[in-house]
Amino acid sequence: MLKSEDILSPFSITAKSSETKARAGVLYTRRGAIHTPVFMPVATQASVKALNDEDLKAMGVECILSNTYHLYLRPGTATLKQLGGLHKFMKWDRSILTDSGGFQVFSLSHLRKITEEGVLFQSHHDGSKHLFTPENVIRFQSEIDSDIWVCLDVCVRNPSDKKEAMGGLKSTKNWAERAIAEYHRTVPAQDIAQNPDGTFTVKHPLQFGIVQGSVYPDLRQEAAMHMRELPVHGYCIGGLSVGEGKEEMATALSAAVGFLPENRPRYFMGLGSPEDLWECVERGVDMFDCVWPTRTARNGRVMTADGNIYIRKTEYRLDERPIEEDCGCYACRNYSRAYLSHLHRSGEFLSHRLLSIHNINFLMRTMKIIRKAIEDDNFAEVKAQYLKRFNASKEK
RNA sequence: GGUUGGGUGGCUGAGUGGUCAAAAGCAACGGUCUGUAAAACCGUCGGGUUCUGCCCUUCGUAGGUUCAAAUCCUACCCCAACCA
C-alpha cells in the first residue's frame with residue numbers, strides 16, 4: 001500500500017495569515033483551479049436546487065458538491081456512466097466533489113444498518129435494499145466521474161457518547177483504508193505534475209479521506225494521525241455541525257487540524273453560515289460546502305452584510321431597494337425587495353432562484369473578502385469588522 | 001310578492017343544548033434550518049391577564065325559553081336559488 005508521502009497533492013498555498021492559521025491557496029483538479037478558501041454549493045441530486053450552470057458560473061463558483069448515495073439511487077451511477085458522466089449530464093464543466101453517502105448514515109439513520117462490511121441502506125424512494133461498501137462507493141464515484149472522491153464514513157449523531165463515537169471512528173478508519181486502496185486500484189498511476197509556474201496538471205480524480213471523532217479532541221487527534229499516513233490528496237473534517245455547540249465544534253476542529261499536514265487541503269463538510277466560515281478558516285480550513293444558502297433561500301431567509309433578513313416580512317412589501325445596494329448579483333441588479341417578498345409569499349419558483357442566487361453570491365463574496373484578508377495579512381481585523389457589522393442587528 | 005336554503009373568528013368551512021373562545025384548511029405573524037428524505041418544519045393566530053389558570057366580548061340583529069344557547073322559539077335585516 002502506498003503511503004502519504006508517495007503521492008503528490010495538487011495544492012499550493014499562496015498566502016498565510018501570520019496571526020492565525022488561515023491560509024489561501026489553489027487546489028487543482030482535472031477541471032481547473034479552485035481558489036481557497038472556497039465555498040462549494042451543494043447539488044445533491046445533480047442540481048444546485050433552482051439554479052443552472054450559467055447562474056453558478058456568473059457567481060464564480062469553481063466547484064460544486066454532489067452525492068453518491070442520491071445519484072446511485074437516481075438516476076443510477078451506471079446510467080450516469082452510460083450517459084458520459086455527471087459533468088456532461090448536468091452541463092457543468094468545472095470541478096465536482098462527490099460526497100460518499102456517509103452523511104446519509106446520519107441523516108437517514110432510521111433507514112440503514114451499519115455492518116463491518118459497509119452500510120445497508122433501505123432506499124428512501126422505494127424501500128429497496130442496497131449495500132454501500134467502501135469499495136463500491138469508490139466505484140460509484142468512478143462511474144459518476146467526479147473530480148474529487150470521498151471515502152465512505154460513519155457520521156455519528158450528536159450527542160454521541162464516547163463509545164458510540166469510537167465505534168463510528170473505528171469503522172471510518174477501517175473503511176478509509178479499504179476505500180483508499182480501492183481508489184489506487186482504480187487510479188493505478190498517479191499523474192499529477194507541478195509546473196514551473198507553480199500550478200499543477202492533474203489527469204485523474206483526487207481522493208480525500210475523512211476525519212471523524214465526534215466532539216472528542218482525543219478521538220479527533222487519533223483520526224487525524226491515522227489519516228495523515230494514508231495516500232490521499234486532502235482531508236475532510238466530517239461529523240461536525242450536526243447539533244453540537246460552537247465551542248465543541250471549534251475544539252474538535254482544532255484538535256483534528258493540529259495533526260493534519262500543512263500542505264494538503266482541509267475540507268469542513270457541511271458548513272456555511274458566514275460566522276462559521278470565518279471561524280473555521282481562522283482555524284486552518286480551506287474548503288466548505290453547505291446547503292445553507294440554497295435551503296434558507298427557498299425558505300425566504302436572505303443573507304446581507306448587515307445580517308440575515310426574512311424577505312416575507314411586512315416591512316419589505318413596499319421596499320423598492322434591492323436586497324443589498326452593492327451586491328451585484330442578478331437578483332440585486334434587477335429586482336426589489338418588494339417584488340422578492342411578493343414572489344416568496346406567492347410561492348413562485350422564481351423566488352427560489354433569485355434568493356438562491358443572492359445567497360450563494362453572498363457567500364462567494366464573503367470568501368473573496370476572506371481570501372483578500374489572508375493575502376493582505378489583516379485577517380483578524382477584517383474578520384472583526386465583518387462580523388461586527390453582520391451581527392449588529394442582532395445585538396439590539 | 002311567494003317558496004326553499006342560508007348568514008360562524010381576515011377568508012373557506014365544521015359544529016345543531018353543556019366536553020365551544022368554537023374543528024380543519026388557507027392567509028397573516030414569529031421562529032428553525034449547516035457533507036439536502038426540505039418550494040420543509042415548528043409556534044402564534046378575539047381581547048385582557050398575576051398565564052398548565054382566571055376574566056371579558058364573540059357565531060346576522062333584537063328579544064325569549066333554559067341551571068346552561070353558535071345550537072331551541074319569535075320578530076326583523078341581509079344573501080342565494082327557484083316560482084310569480
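Values below: every heavy atom of this structure, side chains too, minus hydrogens, waters and symmetry copies. Residue numbers begin at 1 in each chain, while the letters A, B, ... track the order of the sequences.
A:R74 comes within 4.0 angstrom of no nucleic acid atom, judged by non-hydrogen atoms across all strands. A:E244 comes within 4.0 angstrom of no nucleic acid atom, judged by non-hydrogen atoms across all strands. Contacts of A:D289 with the nucleic acid, taken as non-hydrogen atoms under 4.0 Å apart, involve only primed sugar atoms and P, OP1 or OP2. If you check every strand for non-hydrogen atoms under 4.0 Å, A:T294 touches a base. At the heavy-atom level, A:R301 lies under 4.0 Å from base atoms of the strands shown. Using a 4.0 Å heavy-atom criterion, one finds that A:F349 contacts the bases of the nucleic acid, with or without backbone contacts as well.
Annotation: proximity of residues 46-71 of chain A to RNA chain B (heavy atom, distance under 4.0 Å) is found for A:K49, A:L65, A:N67, A:H70, numbered in ascending order. Shown for residues 122-159 of chain A: residues whose heavy atoms fall under 4.0 angstrom of RNA chain B, namely A:H124, A:D153, A:C155.
In terms of polar N and O atoms assigned as donor or acceptor, the side chain of A:T296 never comes within less than 3.5 Å of the base of B:U32 in a complementary pairing. One can find a donor-acceptor pair under 3.5 Å joining the base of B:A38 and the side-chain atoms of A:R295.
Applying the side-chain hydrogen bond (donor to acceptor under 3.5 Å, both in side chains) test to every pair with at least one member in residues 147-161 of chain A, sequence neighbours left out, gives these pairs: A:R30-A:D147, A:R31-A:D147, A:H87-A:D147, A:S146-A:W149, A:D153-A:Q212, A:R157-A:E164. Sequence neighbours left out, the pairs with a member in residues 332-350 of chain A that pass salt bridge (charged side-chain N to carboxylate O under 4.0 Å, His left out) are A:D319-A:R337. Sorted by first and then second residue, the ring-ring contact (aromatic ring centres under 6.0 Å, His included) pairs involving residues 300-346 of chain A (not counting sequence neighbours) are A:Y335-A:Y339. Applying the salt bridge (charged side-chain N to carboxylate O under 4.0 Å, His left out) rule to pairs touching residues 56-85 of chain A yields A:K57-A:D93, sequence neighbours excluded.
Residues satisfying the ring pair (Phe, Tyr, Trp, His ring centres under 6.0 Å) test with A:H130, not counting sequence neighbours, are A:Y72. Among residues two or more places apart in sequence or in another chain, the ring pair (Phe, Tyr, Trp, His ring centres under 6.0 Å) test is passed with A:Y28 by A:F200. Applying the ring pair (Phe, Tyr, Trp, His ring centres under 6.0 Å) test to A:Y216 and every residue at least two apart in sequence or in another chain returns nothing. With sequence neighbours excluded, the residues satisfying side chain to side chain contact (heavy atoms under 4.5 Å, CB included) with A:I369 are A:W278, A:V382, A:Y386. A:E244 meets the salt bridge (charged side-chain N to carboxylate O under 4.0 Å, His left out) test with no other residue; sequence neighbours excluded.
With distances taken from any side-chain atom of A:Q45 to the nucleotides B:C33, B:C29, B:A38, the minimum falls on B:A38.
Under 4.0 Å is where a charged nitrogen must lie from a carboxylate oxygen, and between A:E375 and A:K372 no such pair does. Under a 4.0 Å N-O distance rule, the pair A:E177/A:K173 does not qualify as a salt bridge.
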*How does each nucleotide of nucleotides 41-47 of chain B score, in 5' to 3' order, for protein heavy atoms under 4.0 Å: base (B), sugar-phosphate only (S), or none (-)?*
-------

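Both distances falling under 3.5 Å, in either a Watson-Crick or a G-U wobble arrangement, place B:U32 opposite B:A40.
Rounded to the nearest Å, the gap between the P atom of B:C41 and that of B:G60 is 35 Å.
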